[in-house]
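Notes follow once the structure below has been shown.
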Amino acid sequence: MMLTIHREICGYCGACVSVCPEGALELIDAYLEVDEKCISCGICTKACPLGALEVDHEGRL
Amino acid sequence: MKDAYDILVIGGGPGGAMAARTAAEKGLSVCLVEKRPAIGAPVRCAEGIGKELLQEFISPDPRWISAEIDSAKIIVPDGTSLQLDPQFAGNEVGYILDRKIFDRELVWKAAEAGSDVQVKTRAVAPILENGTVKGARLEFCGKVKDVTAPVTIAADGVESKFARWCGIDTTIPIRELATCAQYLLTDIDIEPHTTVFFLGNTIAPEGYIWVFPKGERSANVGIGISPRCCGPGRRPKDYLDRFVADHFPRGKPIECIVGGVPVCKPLQTTVADGLMVVGDAARVSDPLTGGGIYNTMFTGKLAAEVAASCIAQGDCGCEALSVYDKEWRKSKMGKAIERNYKIKEFFITLSDEKLNALVKSISHINLKEFSTFTLVRELITRNPKLLLELKALKDSIS
Ligand SMILES: Cc1cc2nc3c(=O)[nH]c(=O)nc-3n(C[C@H](O)[C@H](O)[C@H](O)COP(=O)(O)OP(=O)(O)OC[C@H]3O[C@@H](n4cnc5c(N)ncnc54)[C@H](O)[C@@H]3O)c2cc1C
């Protein structure tokens with residue numbers, strides 16, 4: 001998976017879910033899940049109020 | 001929980017609760033499901049609402065009112081402040097709620113009216129028959145159950161996954177999400193009946209910082225900004241921490257919350273065959289202020305009313321349900337969203353210098369009515385040049 005969720009930072013607010021163009025993120029109460037629909041576009045990393053999401057761009061090569 | 005209801009409501013926020021309550025009061029069988037283990041927590045809100053707006057739905061109760069508000073202040077980068085006092089001095093114009101209790105009260109009222117309520121129960125997929133929504137697959141404590149209903153109301157908040165699963169694009173354009181962080185700070189010096197808004201591109205780019213009193217010496221101190229301006233070291237929490245260090249260095253946070261508010265246009269359609277979308281899920285929060293409590297309650301109630309008459313007539317297709325979509329768009333709320341969207345688009349272009357100049361032009365005004373509308377009208381009256389800059393702004397308030 002190229003999207004890294006820093007769970008120690010995540011505030012499980014769902015902001016990222018709302019901007020994901022692929023519907024790849026799902027919040028299960030306090031647990032954020034990312035599925036295979038993720039295209040590592042990085043949009044969610046900008047939406048996160050805490051900076052809990054990171055896209056590993058090297059993984060794209 | 002039964003296998004079938006008249007109405008299935010997804011989400012236990014104020015939108016879902018109002019829908020469930022209204023439907024139950026109309027004698028329909030209703031089930032409300034909430035994926036979190038507790039209604040109302042964690043809070044994702046600054047908890048402010050206009051007094052009259054709230055009273056449209058429920059009589060105020062001290063058990064869930066943290067503070068009464070009688071004035072507001074806007075502070076711009078050079079420190080100039082604009083004090084807004086309602087003309088009828090002494091009239092409280094707003095409340096700061098205690099949403100942990102408020103949200104529970106609303107769900108409790110739905111339950112009391114006869115609705116079933118299930119917490120820790122997540123809708124994981126719609127039940128679709130030939131493109132018509134017929135209910136949802138629910139997951140709770142490791143069990144899976146299909147619950148059918150002629151009408152499903154998606155009140156699943158900012159995430160809005162349910163309508164997406166049904167084929168409605170609910171994605172918020174990234175620049176039109178307000179990304180937010182907030183502390184409940186205690187032991188701070190505040191004006192306990194005044195809400196304060198700090199504007200400026202350095203402290204809160206394309207957004208604002210709010211101080212909403214929660215008592216004599218505590219307040220929700222939060223920020224909402226555009227993700228466009230975010231990056232490492234420039235997240236909402238970073239901006240907020242800097243502000244708090246400057247303004248409330250001795251404040252003690254007893255709660256830290258984050259969240260996202262849609263400040264985009266509402267969904268293009270809020271109905272489909274067997275489906276209605278309300279509240280944040282429908283993106284009907286106010287694009288200028290980010291306020292959504294009233295709008296979500298309004299749409300939740302209206303959706304249930306329309307659903308009830310559609311069920312009575314035996315037609316819950318898109319066309320029949322679209323009465324709801326049309327009604328909210330032409331309501332006062334719908335018009336305000338349209339107008340405030342344009343005003344927001346204008347305000348986010350303003351430089352700090354412009355903001356300073358604008359506020360200087362009206363340092364003290366007495367508004368007849370306490371609203372962004374009257375404020376903007378006043379701003380324009382005193383700054384006719386504004387109109388040249390953006391015709392849309394004029395159109396939006398004329
Ligand atoms: C930081 C911040 C400050 C704000 N300040 C204000 C303010 O001062 N005044 C104001 O009016 N508004 C404010 N708002 C906006 C306001 O909080 C929202 O508009 C309001 O809560 C929307 O209500 P809702 O019922 O539509 O959604 P929510 O209150 O978000 O409720 C949706 C519920 O659905 C549940 N859910 C989601 N998916 C599923 C699923 N698949 N199955 C079951 N349940 C599900 C969620 O867990 C959630 O409990 C603020 C928002 C934020 C983030």
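Naming: A, B, ... by sequence-line order, numbering from 1 per chain.
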Contact origin within [X] toward chain A - heavy atom pairs under 4.5 Å:
X       : answer
S160(B) : neither
C180(B) : backbone
K161(B) : side chain
R36(B)  : both
R234(B) : neither
P262(B) : neither

Within 45° cone of F102(B) ring axis and under 6.0 Å: R99(B) NZ or CZ: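 No, a cation-pi geometry is absent between R99(B) and F102(B).
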
Other residues, nucleotides, ligands: >12 heavy atoms within 6.0 Å of R137(B) CZ: no

Atom group of E22(A) that falls short of 4.5 Å from chain B, counting heavy atoms: backbone

Proximal component of C16(A), with respect to chain B [non-hydrogen, under 4.5 Å]: neither

Heavy-atom closest contact (P227(B) atom, I174(B) atom, distance):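 Heavy atoms of P227(B) and I174(B) come nearest at CG-O, 3.2 Å.
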
From CG (L177(B)) to SG (C44(A)), nearest 0.5 Å: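 One finds 12.0 Å between CG of L177(B) and SG of C44(A).
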
CH2-CG distance between W165(B) and L128(B), expressed to the nearest 0.5 angstrom: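 Atom-to-atom, W165(B):CH2 and L128(B):CG are 11.5 Å apart.
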
Interface residue of largest heavy-atom contact number with chain A, from D238(B), V158(B), L240(B), under 4.5 Å: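 Looking at each option in turn, the highest pair count goes to V158(B).
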
Under-4.0 Å salt bridge between E176(B) and R283(B): no

Under-4.0 Å salt bridge between E255(B) and K100(B):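 Yes.
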
When I28(A), L25(A), I43(A) are compared by non-hydrogen pairs under 4.5 Å with chain B, the top option: I28(A)

For chain B, the option from A30(A), A47(A), P21(A), A15(A) that forms the most heavy-atom pairs under 4.5 Å: A47(A)

N/O donor-acceptor pair under 3.5 Å between R44(B) side chain and V261(B) backbone: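 No; zero donor-acceptor contacts below 3.5 Å.
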
